[in-house]
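The structure appears below as C-alpha cells.
First the proteins, then the strands, lettered A, B, ... as listed; each starts at 1.
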Amino acid sequence: MPSLVLHNTLTRRREAFVPLDPQHVRLYVCGPTVYDLAHIGNARGMTVFDVLARLLRHLFPRVTYVRNITDVDDKINARAAESGEGIDAVTARTAAQFHADMAALGNLPPDIEPRATEHIAGMVTLIERLIAGGHAYAADGHVLFAVASFGQYGALSGRSPDELLAGARVEVAPYKRDPGDFVLWKPSPPDLPGWDSPWGRGRPGWHIECSAMARQYLGDTFDIHGGGGDLLFPHHENERAQSLCALPGSGFARVWLHNGMLNLNGEKMSKSLGNFFTIRDVLSRAPAEAVRLMLLKSQYRGTLEFSDAGLAEARGELDRFYRALARAPAGKAPVPEAVLDALCDDLNTPLALAALHALADDAMAGDRAAAAELQAGGALLGLLQADSAAWFQGGGDAAAIEAAIAERIAARRARDFARADAIRAEWLAQGVAFEDRPDGTTDWRRVATQPA
RNA sequence: GGUCCGGUGGCAGAGUGGUGAUGCAGAGGACUGCAAAUCCUCGAAUGCCGGUUCGAUUCCGGCCCGGACCUCCA
C-alpha cells in the first residue's frame, strides 16, 4: 500500500501522513454558512475533500469526516430581515439546497454534520476556559481573544502580529486591548438569535464554532483540518489559537490542508465580488459528472480557472470514458495502482486522470480488465459509476429517436442520402447525434446542443 | 505597503538535475455514401537575467507578470 503524502500548511512541506490512531482517521472540514445558494467555487473545496475522504476510507479502517454547517451568522440575520423569511426558514432551506447540490455533484455526506446552533454549550465551555487561562477577556458585553497571550499566533498562516497590524483595514473597536483581538462572544439584541451565557445574552463568534464542533466529535487533537485557502487567515489561525489555548497540551489539527480558489476571468470567484455562478447555474449547463470532473482536473492546491470550455472538455472526456466502458463491460477490479499512487501523492487528481485515460485506451480495444480498473479508479474519484447507456441516452425520447433512425435507415437503403442527412441534422440540432455502425444499424447519443 | 503562492505547447494541466505526462483543439491518413466514433501518424511549450553544475524547466539570487491573504469568504 502506498503511503499518503500531504502538503501541510502548518509546516509548508509535504509530509508522510501518519494518523494519530491508524485504526481511526479524524478529519474536519469547514462547511457552508447557510444564508444563500452555494457557488461553484464553494463546490471545489467540498469536492476536493470528498476525494480525500474517499481516499482515506480506502487506506484506513475507519474515518470520521466532520463538516459543519454554520447556521448563526450576521449574513443569515441580514438575509432573513430583508426577505421577511424567518431565520430558521432561511437556514433550513439553504442547508437543504446545499445538500441537494452536494448530492448532484457526487459528494458523499460527511459522517457528522454538526450545526453551530446545536453546540453553543461547547463554545461557552471553551470561552470560559480561555478566560480562566488568561487568553480572553470580557469587555463591553463582548468576549475577546487576546492574541498577545498566544506566542504562536500567526504560525499557521505564516504572519507575525506586526505584519497583521500593518495591513489592518478595519476600524479597531475601542474595547479591544489589541487590534488583533477577535470576538469569541458578542451581545445579541432581543430580536436576533441569542443564547444566555455568563456574559449575557449573545451569540458566538465565527471562529469558536469550529473549535467547539471539532473538539466534540474528533477530540482535542485530531488528524486533518481542511478548508479553502481564503480561510487560512483569520479563520483557521484563530481556531487554532483558541483551541490550543483552551486545551493546554493538545495539538488541535496536526495537518492543515487548504484548497486553491476557483477563478473566473482571472479573479477569485466570490460572493463579495459578485462574479459567481451558483452550483445550480452550472448544473443547468453541463451534466453534473462533467462539473465534478472539471473540478478535479487540476491539483487541489492550485488555482483553477472556471470556463464553459473547460466544462465542455470535461464532458468530452467523460464521453470517451463511458464509450470505453460500453465497449468492454466492466467487472470488479481493485483500484489501479497508478491511480492510487497519484492520489496518495498529495491528491494529484490530474495525474490520476491521466492513468484513467490510459486504461480507457485499453478498454476501448476490448480489454475488460482495463475497463474494470477504469471504473474502480473512477470510483475513488467519485466518477464513472453511472451506466454508459444512461450517460449517453438519459433524458432522450428513445421512441421518437428510434422511429427517426428507422426512417433514416430506410432512406439510406434507398440511397436517398439527402433525406438521411436531413434527418441526422435535424436531430443533431436537438442534441442527439446519430452514429452509423458497420453492420448497418445506427446508434444514438445525447450531445451538447451547439449554440447557433 | 506587508506576507504567501504561481508563471510549462493554441487552451487546460502533471512531472522531472540529463532526450518535457495527459486531455482538448489542430494537421495528414485508415474506415464511412457523407459524417460521427475508433485507430494510425504528426506538428507544437518550460516568463526574463544571472549563479551553482559536466548538464537547470527543475536548485539559488534578482527582475517582470499574475493571483490570494492582510481580521466577510471554500
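For the side chain to side chain donor-acceptor pair (under 3.5 Å) with A:Thr11, the lone residue among A:Arg14, A:Arg13, A:Glu15, A:His7 that qualifies is A:Glu15. Evaluated for a side chain to side chain donor-acceptor pair (under 3.5 Å) with A:Lys268, the options A:Asn275, A:Asp230, A:Thr303 yield exactly one hit, A:Asp230.
A cation-pi contact, defined as under 6.0 Å to the ring centre and within 45° of the axis, is absent between A:Arg67 and A:Phe49. A:Tyr137 carries A:Arg177 over the face of its six-membered ring, with the cationic atom under 6.0 Å from the centre and within 45° of the normal.
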Can you give me the N/O atom pairs linking the protein to nucleotides 5-10 of chain B at distances under 3.5 Å, or say none if there are none?
none

Pairwise N/O distances under 3.5 Å, protein to nucleotides 40-44 of chain B:
none

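Straight-line distance between the P atoms of B:C11 and B:U38: roughly 25 Å, to the nearest whole Å. B:A37 and B:A30 are spaced 14 Å apart, taking the C1' atom of each and rounding to whole Å.
Looking at A:Arg320, its side chain has no donor and acceptor atom pair within 3.5 Å of the base of B:G23. Put simply, the side chain of A:Glu317 and the base of B:G23 share no donor and acceptor less than 3.5 Å apart. Side-chain N/O atoms of A:Arg323 and base N/O atoms of B:A37 include no donor-acceptor pair closer than 3.5 Å. Interface remark: the A:Asn348 side chain does not form any donor-acceptor pair with the B:G15 base, using a distance-only criterion of under 3.5 Å.
The ring of A:Tyr300 has its center no closer than 6.0 angstrom to the ring center of A:His258.
Nucleic acid contact for A:Ser298: sugar-phosphate only, since backbone atoms but no base atoms lie under 4.0 Å from a heavy atom of the residue. At a threshold of 4.0 angstrom between heavy atoms, the contacts of A:Arg437 with the nucleic acid are absent. As judged by a 4.0 angstrom heavy-atom cut-off over every strand, A:Glu237 is placed among residues making no nucleic acid contact.
With contacts defined as side-chain heavy-atom distances shorter than 4.5 Å, the pair A:Ile224/A:Tyr28 does not qualify. Within the 4.5 Å cutoff, side-chain heavy atoms of A:Val447 are placed close to those of A:Arg445.
Relative to the side chain of A:Pro350, the nucleotides B:A35, B:A74, B:A14 differ in distance, and B:A14 lies closest.
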Its dot-bracket string being built from Watson-Crick and G-U pairs below 3.5 Å, with | for another strand and [ ] for crossing, RNA chain B has the pattern (((((((..(((.....[...))).(((((.......)))))....(((((..]....))))))))))))....
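Taking a 6.0 Å sphere around CZ of A:Arg415, one finds it holds 12 or fewer heavy atoms contributed by other residues, nucleotides or ligands.
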